[in-house]
Each structure stands twice: as C-alpha cells, then as structure tokens.
Amino acid sequence: MENDLVLRVVGKLLIPFILLFALYVQFHGDFGPGGGFQAGTISAAGIVFHALVFGLEQTRRIVPDRLVEAMLAAGVLLYAGVGVAGLLLGGNYLDYFVLDPDPIHGQHRGIFWVEAGVHITVCGVMLKIFYMFASRSQRKDDEA
Amino acid sequence: MIVNSLLVLMMVAVLSLARTRNLFAVIVLSGIYSFLMATLMVALDAVDVAMTEAAVGAGISTVLLLGALHLCKSEEARPAHRPWLPLALSGATAALLIYGAMGLPDFADPNAPIHQHVAPRYLQNEVDVPNVVTAVLASFRGYDTLGETVVVFTAGAGIIALLRRRKHKPEGKGRDGE
C-alpha cells in the first residue's frame with residue numbers, strides 16, 4: 001500500500017484531523033460523548049493508519065517503541081497518582097473533591113487527569129500490540 | 001424498528017461468517033459486524049460505546065487480524081470433527097440465556113430495579129459534569145475504571161512478554177538503533 005498515491009494524499013489530509021478529533025473527544029468528554037478510552041483508540045487508529053499508508057518504519061521514527069512502552073505504564077501511574085494526590089490532600093483514595101478548594105472544580109480536575117491517564121495507556125497498548133504484530137509479519141517477509 | 005433490522009443484519013453477518021472458509025472474507029465480515037454493532041449502539045443512544053466499538057472493533061482489530069492473516073494461510077482448514085457437540089452446547093447455552101432474559105424487566109422500563117438503585121443519585125449530578133457517562137466512569141466508579149486501565153495495561157505487558165523474545169536477532173537491534 002505504500003506506493004498508492006491516492007492513499008498517501010488522503011492519508012496526509014486525514015491523519016491530522018483524526019488526531020485532532022481524538023483530542024476533541026478527549027477534552028469534550030465532560031460535555032458530549034467521549035472520554036479517555038474512546039480518544040485513546042481514535043488516536044491509536046490515526047497512528048496505525050499512518051503506519052499502513054507510509055510504512056511501519058516511518059511511523060516508528062515518529063512514535064518510537066520506547067515512547068509507546070513508556071506510555072503503557074505512564075497512563076496507569078498517572079491514574080493511580082491522582083488517587084495518591086487525593087490521599088496526600090487529606091481525602092480518600094481517588095477522592096477528587098479535595099483536589100481543589102472548590103470541590104466541584106476539584107472533581108473536574110480529577111476527572112481530567114484520570115481521563116488523560118486512560119487515554120495514554122489505551123493508546124500505548126493499542127500501538128504496542130500493532131507494532132508487535134506488524135513487525136513480525138515484516139520479519140517473515142525478510143526471510144522469504 | 002431500526003434496532004430490529006440492525007439485529008437481523010448482524011445475524012446475517014454472523015451466519016455467513018460461520019460458513020465462510022476464506023479468512024480474508026471472515027475478517028471483512030467481522031469488521032462489518034462491528035460497524036453494525038456500533039450503529040446499533042448509536043440507535044440505542046449509547047454514543048460513547050459506539051465510538052469505542054467503531055474504533056476498536058471495526059478499526060484496530062481488523063488491522064490486527066489482517067496482520068495475523070499475513071502470517072498464516074488464507075484458507076481455513078477443514079474441521080477434523082463434525083461440529084455437533086459444540087453446536088448442541090452453544091444451542092443449549094443460547095436457550096438458557098433466552099430463558100433468563102425473559103425474566104428481565106422490559107426494555108427501557110423506568111421502574112426497573114437498575115434505574116431505582118444508585119442511578120437517581122448519579123443523575124443528581126453533584127460533580128457537575130454534563131455528560132453523566134463521564135461522571136459515572138471517572139468519578140463515581142473511579143475504582144472500576146482504574147481496574148479497567150490496569151487490565152488494558154496488563155494486556156499490553158502480556159503482549160510484550162510473549163512476542164518480544166525475537167529481538168535478540170541482530171536485525172531487530174538494528175531496527176531499534178535508528
């Protein structure tokens with residue numbers, strides 16, 4: 001697929017909007033449908049699309065393996081960290097009311113960071129699985 | 001009406017999926033099934049679920065399955081045994097599930113127990129987030145979502161543990177060094 005002109009042009013046009021839509025789904029999740037899981041899969045889908053059109057090597061140069069693996073753990077740590085922050089500020093684990101002097105604002109802040117953590121982990125896992133499978137099939141090509 | 005026709009279409013997709021031997025067609029059919037499921041979720045006003053289903057079920061898993069297909073033959077082998085026992089087993093399970101579902105309250109019945117338990121408190125919306133799904137997911141049920149995130153993380157870690165071994169080859173290292 002890497003030499004298909006139509007795909008390359010359409011891919012170049014679409015990928016920024018897919019990633020932007022993922023961010024919209026992420027940050028608009030409080031008001032409309034969406035949230036961390038959805039946004040994470042959408043942004044992963046955008047990057048997978050890039051890999052399909054431009055080749056895995058190109059994508060790995062932009063989103064390296066090490067970053068993806070770090071994302072895997074960073075999201076969970078961020079989520080758990082919000083809980084610990086609640087503990088340190090005198091509330092229960094994952095109690096967002098204490099994150100800000102204004103309890104409602106604290107809730108919003110907690111939800112924001114928690115959703116960010118979910119996004120990072122989901123996106124990382126999707127990409128890691130894709131990288132793993134795609135690089136295996138590539139290696140088989142090399143042997144053949 | 002829309003829901004029923006979508007369900008019929010999904011049934012057609014599943015039946016043809018079970019009968020097809022060409023694995024490429026199977027993958028395309030499962031993508032179609034996922035899109036139908038996503039549409040069904042939109043029809044049921046569960047847009048959050050529909051988004052996930054469209055991105056994961058129809059998008060990423062189709063790509064992953066195609067990647068796996070690249071590693072194996074594209075025709076499914078003939079089964080060694082007649083499938084009567086599995087068929088009987090799934091038929092019996094389906095009958096049990098349908099029997100159980102008949103005891104459930106009517107669809108969208110406001111007096112159903114699930115709408116009387118904690119849902120009213122969720123809907124009071126003391127966290128002031130307009131999308132109740134997000135409020136329930138991230139705030140009221142924060143522990144559940146943390147668990148789900150850990151499950152997703154475990155899946156990724158498991159994949160790494162299973163597939164990474166091949167990297168000892170020098171060519172794999174060269175690829176990393178870029």
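Every chain is numbered from 1 and lettered A, B, ... according to where its sequence line falls, protein lines coming before strand lines. When reading the values below, keep in mind they use all heavy atoms of this one structure, side chains included, and skip hydrogens, waters and symmetry mates.
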- Task: Would you please name every residue forming a side chain to side chain donor-acceptor pair (under 3.5 Å) with E115(A), sequence neighbours left out?
- Result: none
- Hits for side chain to side chain donor-acceptor pair (under 3.5 Å) against R66(A), two or more places apart or cross-chain, chain-then-number order -> none
- Item | Part of Y93(A) within contact of chain B (heavy atom distance under 4.5 Å) | both
- Item | Backbone of L137(B) reached by a side-chain donor or acceptor of T145(B) within 3.5 Å | yes
- Message: Does the structure place the NZ or CZ of R8(A) under 6.0 Å from the centre of the six-membered ring of F54(A), at an angle of no more than 45° from the ring's axis?
- Response: no
- Message: Is it the case that atom CZ in F140(B) sees more than 12 heavy atoms from other parts of the structure closer than 6.0 Å?
- Response: yes
- Query: So, does Y96(A) use its side chain to make a donor-acceptor pair with the main chain of G83(A) at under 3.5 Å?
  - Reply: no
- Message: What part of F31(A) gets within 4.5 angstrom of chain B, counting heavy atoms only: side chain, backbone, both, or neither?
- Response: both
- Measure the shortest side-chain to side-chain distance between P110(B) and H115(B) over non-hydrogen atoms and say whether it is less than 4.5 angstrom. no
- With no hydrogens and no angle check, is any side-chain donor or acceptor of S16(B) less than 3.5 Å from a backbone partner on A13(B)? yes
- Message: Are the side chains of I47(A) and F130(A) in contact, using a 4.5 Å heavy-atom criterion?
- Response: no
- Check each atom of F21(A) against the heavy atoms of chain B and say whether the ones under 4.5 Å are side chain, backbone, both or neither. side chain
- Query: Between A39(A) and chain B, which part of the residue has a heavy atom less than 4.5 Å away: side chain, backbone, both or neither?
  - Reply: neither
- Message: Hydrophobic clusters here meaning ILVMFWY residues chained together by side-chain heavy-atom distances under 4.5 Å, can you tell me if V48(A) and L67(A) are in one?
- Response: yes
- Query: Non-hydrogen atoms of chain A under 4.5 Å away: do they reach the side chain of L146(B), the backbone, both or neither?
  - Reply: both
- Query: Which residues in residues 22-48 of chain B have a heavy atom less than 4.5 Å from any heavy atom of chain A?
  - Reply: V47(B), D48(B)
- Message: Does any backbone or side-chain atom of V133(B) lie under 4.5 Å from a heavy atom of chain A? Answer side chain, backbone, both or neither.
- Response: neither
- Counting heavy-atom pairs under 4.5 Å to chain B, which of V76(A), V114(A), L127(A), I42(A) comes out on top? V76(A)
- Against chain A, work out which of A55(B), A135(B), A155(B) has the most heavy-atom pairs shorter than 4.5 Å and name it. A55(B)
- Message: Under 4.5 Å from any heavy atom of chain B, what part of V25(A) do you find: side chain, backbone, both or neither?
- Response: side chain
- Message: Checking S43(A) now: which residues fulfil side chain to side chain donor-acceptor pair (under 3.5 Å) with it, not counting sequence neighbours?
- Response: H119(A)
- Among V132(B), I159(B), V49(B), L66(B), the residue with the most heavy-atom pairs under 4.5 Å to chain A is I159(B)
